[in-house]
Amino acid sequence: MIKKCLFPAAGYGTRFLPATKSMPKEMLPVVNKPLIQYGVEEAIEAGLSNMAIVTGRGKRAMEDHFDVSYELEHQIHGTDKESYLQEIRSIMDNSTFSYTRQIEMKGLGHAILTGETLIGDEPFAVLLADDLCLMDNDDGVLKQMVGLYKQFRCSIVAVEEVPMNEVHKYGVIQGDLIKDDIYQVKTMVEKPATKDAPSNLAIIGRYILTPDIFDILRNTTPGVGGEIQITDALMQQARDGCVLAYKFKGKRFDCGSIEGFIDATNYCYKTFYASANSSKSR
Ligand code: G1P
């Protein structure tokens, strides 16, 4: 079954400069928790325990985050403040982390191929931490997708309807509806112009991939923006076999943009933080 989750996390985060000049964009906090931690928690909830992170230069804060911090932990040992570390400790008790570096930025497809050394020959999930997916009480998006994988055993992308004037920011699919919210993909285009988009069903940063994707990626030529695109490799898989697109249940925030990040912050503050802390004096 699926055990590993790959996090492509080598990008520069230029839209958040200067904040991301010396800090990884994945460490930007939504309220009091870095984006990457939300992603790892979603993966754990889906039953995945091996986190495989494709990192890059200047990104060591991520590795330190998922490790012990002796001095800090010693200082707050036995005080109320220890409770703030409860979630991160539970993550470290329930999962392993491995890292590899992407030396050159040649696109998402290239980042995923760089992660092959951590994944090997088994199906795996991919989570882009920029896309923050939240649920109130139901299953998280990856958990929904892992359930589908058990049934269909093929690559799956999560999709969401977006306004037509935003399709140029995404990979866009067109397919045949085979079941409620599940499409068999017929066409996939990376960042199409509005007039060329086959639909308004945009891929968001959650994938389940079968390991044959690595051989396909090795032979995928650079596409839009001169980058090796996972969308192009998946289109090849769809042609040769089957790729599903799943209209997931839940809320998604594009935390790669300032507006999405602020929306996520407001939402998380109101939904998770303010209510839990309203009675505590701080
Ligand atoms: C990547 C993918 C794109 C997908 C998007 C989701 O684009 O290439 O197909 O729709 O993630 O966030 P990026 O946002 O890295 O440009």
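All ligand and atom numbering here is 1-based and tracks the order in the structure. Throughout, residue positions are numbered sequentially from 1 according to the sequence presented. Model, not experiment: these values are computed from the prediction.
- Scanning for ring pair (Phe, Tyr, Trp, His ring centres under 6.0 Å) contacts around Tyr267 gives Phe253, with sequence neighbours left out.
- A salt bridge does not link Lys106 to Glu227: none of the charged nitrogens lies less than 4.0 Å from a carboxylate oxygen.
- Under a 4.0 Å N-O distance rule, the pair Lys33/Glu87 qualifies as a salt bridge.
- Counting non-hydrogen atoms of other residues, nucleotides and ligands closer than 6.0 Å to CG of Asp121 gives a total of 12 or fewer.
- Glu122 has a carboxylate O that lies under 4.0 Å from a charged side-chain N of Lys4, or vice versa, which qualifies the two as a salt bridge.
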Show me the short polar-atom pairs for ligand 1: any N or O of it lying under 3.5 Å from a protein N or O, with distances only.
{"from": "ligand 1", "atom 1": "7 (O)", "to": "Lys191", "atom 2": "NZ", "distance (Å)": "3.2"}
{"from": "ligand 1", "atom 1": "8 (O)", "to": "Glu190", "atom 2": "OE1", "distance (Å)": "3.4"}
{"from": "ligand 1", "atom 1": "8 (O)", "to": "Glu190", "atom 2": "OE2", "distance (Å)": "2.7"}
{"from": "ligand 1", "atom 1": "9 (O)", "to": "Gly171", "atom 2": "N", "distance (Å)": "3.0"}
{"from": "ligand 1", "atom 1": "9 (O)", "to": "Glu190", "atom 2": "OE1", "distance (Å)": "2.7"}
{"from": "ligand 1", "atom 1": "9 (O)", "to": "Glu190", "atom 2": "OE2", "distance (Å)": "3.4"}
{"from": "ligand 1", "atom 1": "9 (O)", "to": "Thr231", "atom 2": "OG1", "distance (Å)": "3.3"}
{"from": "ligand 1", "atom 1": "10 (O)", "to": "Gly171", "atom 2": "N", "distance (Å)": "2.9"}
{"from": "ligand 1", "atom 1": "10 (O)", "to": "Ile203", "atom 2": "O", "distance (Å)": "2.6"}
{"from": "ligand 1", "atom 1": "12 (O)", "to": "Asp131", "atom 2": "OD2", "distance (Å)": "2.8"}
{"from": "ligand 1", "atom 1": "16 (O)", "to": "Lys191", "atom 2": "NZ", "distance (Å)": "2.7"}

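- Atom CG of Asp80 has 12 or fewer heavy atoms from other residues, nucleotides or ligands within 6.0 Å.
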